[in-house]
Enquirer: 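The following block contains the structure, expressed as structure tokens.
Position 1 is the first residue of the sequence, and the numbers go up from there. What's counted below: heavy atoms across the whole structure, side chains too, no hydrogens, waters or symmetry copies. Source: prediction; values computed, not measured.
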Amino acid sequence: MKLVDEKAIRGVIHRAGNTRFNRLLLDALEEDFSRWESFNLSARHATHYPHGVFELMPCSDKRLYAFKYVNGHPRNTTSGKLSVVAIGMLADVESGYPLMICDMTLPTALRTAATAALAARHLARPQSSRLAMIGCGAQSEFQAVALRGVLPLDSVRYYDPDQAAMRKFRTNMEDQFTMLHPCGGVDEAIRGADVIVTATADKRKNVLFASALITPGTHIHALGGDCPGKTELPPDLLGQAKIVVEFARQATIEGEIQNSPGVKIHAELWEIICGNKAGRCSDEEITLFDSVGFALEDFSVMRLLYEMSSEYDLGMEIGLIPQPVDPKNLYGLLSAP
């Protein structure tokens with residue numbers, strides 16, 4: 001079995017180049033979403049605590065089985081720890097044998113951003129140039145870079161109550177965008193934006209801005225509302241927007257729409273990718289990708305990492321699975337030297 005740790009993942013991305021890797025990941029996601037009905041799909045299993053959550057996220061087709069363990073502990077950053085860490089496994093369906101164990105902390109950020117870009121390709125106005133980033137935590141740069149890969153973004157207005165996070169965002173993004181505008185509040189940041197990304201971490205029902213501030217034609221990627229009791233948007237905005245989700249059964253429990261149980265979901269993302277339903281139909285529509293993260297996205301990035309780490313000979317082979325001479329004599333291993 002292959003172990004692909006964080007160092008090996010960085011090696012894959014450096015060998016491929018950031019731009020090419022992001023494009024390959026976007027292609028892998030589009031390919032897998034387009035064959036949605038060939039997967040075994042289920043909502044994730046979550047164990048909640050007042051201060052955080054643990055989640056298990058499985059997904060499989062007829063060839064590969066994947067699952068991810070991931071946490072969400074927003075207060076961790078105050079003690080120098082990541083708020084989200086993850087581990088993934090990819091296995092062979094035919095034999096049941098694991099093929100790869102890998103770090104999924106960095107890949108989760110990459111696949112989340114690539115999924116945002118995939119949705120924006122269908123839901124944002126093609127001429128969108130102004131991005132508003134609300135929340136400058138660990139996800140923010142990944143989102144900005146991925147969206148710039150599918151839209152002609154040149155300007156980013158950004159806000160976070162943590163000034164250090166804003167400085168970090170500027171340092172990481174100043175060679176990526178021609179115009180970076182730090183803002184003193186959310187309202188200032190979203191003014192005139194073509195695309196708004198909400199990426200806050202507080203586990204509570206929040207309203208980041210008034211719906212009256214959203215102008216016709218805006219595309220919103222609601223990233224931070226991703227578990228029961230955690231939202232970011234004004235409920236009345238949902239009645240004005242064309243709403244797209246990843247997996248409706250999961251989104252109704254964890255997404256922004258948990259605040260508006262009667263709201264109409266226009267489509268799941270795969271339906272738009274496959275052409276079953278329309279994406280953006282006019283420059284005046286307000287579109288909302290109510291994204292909570294879904295296991296198919298983990299499947300896609302693990303599949304890609306397994307292929308590319310093998311191609312570049314990165315990662316290491318580990319003997320985690322017993323290999324008795326007689327597969328029916330597992331007990332005999334106890335007396336082996």
Side-chain angles (χ1 to χ4, degrees), residues 112-113 115-135 139-140 143-144 146-148 150-159 181 183 185-200 205-226 230-248 251-252 254-273 275-293:
T112 301
T115 306
L118 183 58
R121 181 188 280 171
H122 295 274
L123 296 174
R125 289 177 292 188
Q127 69 272 27
S128 296
S129 62
R130 297 164 297 183
L131 172 66
M133 180 64 62
I134 309 304
Q139 293 278 348
S140 57
Q143 291 285 317
L147 288 167
R148 194 193 55 147
V150 297
L151 296 171
L153 300 175
D154 57 17
S155 167
V156 185
R157 300 171 70 87
Y158 57 99
Y159 171 72
H181 305 284
C183 296
V186 173
D187 291 1
E188 180 186 351
I190 67 174
R191 190 173 301 125
D194 297 308
V195 178
I196 299 171
V197 175
T198 58
T200 62
K205 290 191 175 183
N206 203 355
V207 176
L208 296 176
F209 49 79
S211 59
L213 295 176
I214 303 302
T215 56
T218 304
H219 172 60
I220 302 167
H221 177 209
L223 166 65
D226 59 1
K230 183 184 176 192
T231 56
E232 298 175 313
L233 304 183
D236 63 314
L237 178 62
L238 276 63
Q240 305 171 34
K242 174 180 279 186
I243 301 173
V244 176
V245 300
E246 291 139 311
F247 187 52
T252 53
E254 301 181 347
E256 294 297 325
I257 57 177
Q258 66 182 276
N259 271 346
S260 304
V263 75
K264 180 182 177 182
I265 296 173
H266 170 67
E268 292 180 327
L269 182 57
W270 72 272
E271 295 177 288
I272 291 177
I273 291 170
N276 297 359
K277 294 187 179 179
R280 173 175 288 275
C281 293
S282 75
D283 280 351
E284 287 70 46
E285 280 185 315
I286 296 172
T287 56
L288 168 61
F289 183 40
D290 188 5
S291 171
V292 298

Enquirer: Only pairs at least two apart or in different chains count here, so list each salt bridge (charged side-chain N to carboxylate O under 4.0 Å, His left out) that has a residue in residues 259-273.
Expert: Glu271-Lys277
Enquirer: How close do Ile257 and Ala251 get, counting heavy atoms only, and between which atoms?
Expert: CG1-O, 3.5 Å
Enquirer: For the pair Asp290 and Val244, evaluate side-chain contact (heavy atoms from CB on, under 4.5 Å) and give the outcome as yes or no after the intermediate values.
Expert: CA-CA 6 Å; Asp290 188 5; Val244 176; over 6 Å; no
Enquirer: With no hydrogens and no angle check, is any side-chain donor or acceptor of Lys242 less than 3.5 Å from a backbone partner on Leu288?
Expert: no
Enquirer: Would you compute the distance between atom CD1 of Ile243 and atom CD1 of Ile286 and round it to the nearest 0.5 angstrom?
Expert: 11.0 Å
Enquirer: For Thr218, enumerate each residue passing the side chain to side chain donor-acceptor pair (under 3.5 Å) test, keeping only those at least two apart in sequence or located in another chain.
Expert: Thr215
Enquirer: Taking all non-hydrogen atoms of both residues, which atom of Ala132 and which atom of Ala193 are closest, and how far apart?
Expert: CB-CB, 3.7 Å
Enquirer: Tell me if a side-chain donor or acceptor on Arg130 pairs with a main-chain N or O of Leu153 at a distance below 3.5 Å.
Expert: no
Enquirer: Measure from the side-chain N and O atoms of Ser260 to the backbone N and O of Gly262, and report whether any donor-acceptor pair falls under 3.5 Å.
Expert: no
Enquirer: Partners of Glu246 by salt bridge (charged side-chain N to carboxylate O under 4.0 Å, His left out), sequence neighbours excluded?
Expert: none
Enquirer: Check for a donor-acceptor pair, side chain of Arg280 on one end and backbone N or O of Glu285 on the other, with a separation under 3.5 Å.
Expert: yes
Enquirer: What pairs with Ser211 under side-chain contact (heavy atoms from CB on, under 4.5 Å), at least two apart in sequence or on another chain?
Expert: Pro234, Asp236, Leu237, Gln240
Enquirer: Go through the steps for Leu223 and Phe289 under the test side-chain contact (heavy atoms from CB on, under 4.5 Å), then give the verdict.
Expert: CA-CA 8 Å; Leu223 166 65; Phe289 183 40; over 6 Å; no
Enquirer: Looking only at non-hydrogen atoms, find the nearest pair between Ala189 and Ile134 and report the distance.
Expert: CB-CD1, 3.6 Å
Enquirer: Show, in sequence, the C-alpha distance, side-chain angles and deciding distance for Leu213 and Arg191, and conclude whether the side-chain contact (heavy atoms from CB on, under 4.5 Å) test is met.
Expert: CA-CA 7 Å; Leu213 295 176; Arg191 190 173 301 125; over 6 Å; no
Enquirer: Which heavy-atom pair separates Gly255 from Thr231 by the least distance, and what is that distance?
Expert: O-CG2, 3.9 Å
Enquirer: For Gln143, which residues count as a side chain to side chain donor-acceptor pair (under 3.5 Å) partner, sequence neighbours excluded?
Expert: His221
Enquirer: Output the distance between atom OG (Ser128) and atom NE2 (His219), rounded to the nearest 0.5 Å.
Expert: 8.5 Å
Enquirer: Give the table of side-chain donor-acceptor pairs shorter than 3.5 Å for residues 116-127, with sequence neighbours excluded, one pair per line with atom names and distance.
Expert:
residue: Arg121; atom: NH1; partner: Glu30; partner atom: OE1; Å: 3.2
residue: Arg125; atom: NE; partner: Gly217; partner atom: O; Å: 3.1
residue: Arg125; atom: NH2; partner: Asp194; partner atom: OD1; Å: 2.9

Enquirer: Of all the heavy-atom pairs spanning Ala248 and Ile265, show the shortest one and how long it is.
Expert: CB-CD1, 4.2 Å
Enquirer: First locate atom CD of Glu232, then atom CZ of Phe209, and finally report the distance between them rounded to the nearest 0.5 Å.
Expert: 8.5 Å
Enquirer: Are the side chain of Glu256 and the backbone N or O of Ala222 linked by a donor-acceptor pair below 3.5 Å?
Expert: no
Enquirer: Step by step, work out the side-chain contact (heavy atoms from CB on, under 4.5 Å) result for Thr115 and Leu269.
Expert: CA-CA 10 Å; Thr115 306; Leu269 182 57; 4.1 Å; yes
Enquirer: How far apart are the closest heavy atoms of Leu238 and Val263, and which atoms are they?
Expert: O-CG2, 3.5 Å
Enquirer: Which value, rounded to the nearest 0.5 Å, describes the distance between Tyr159 atom OH and Thr200 atom OG1?
Expert: 11.5 Å
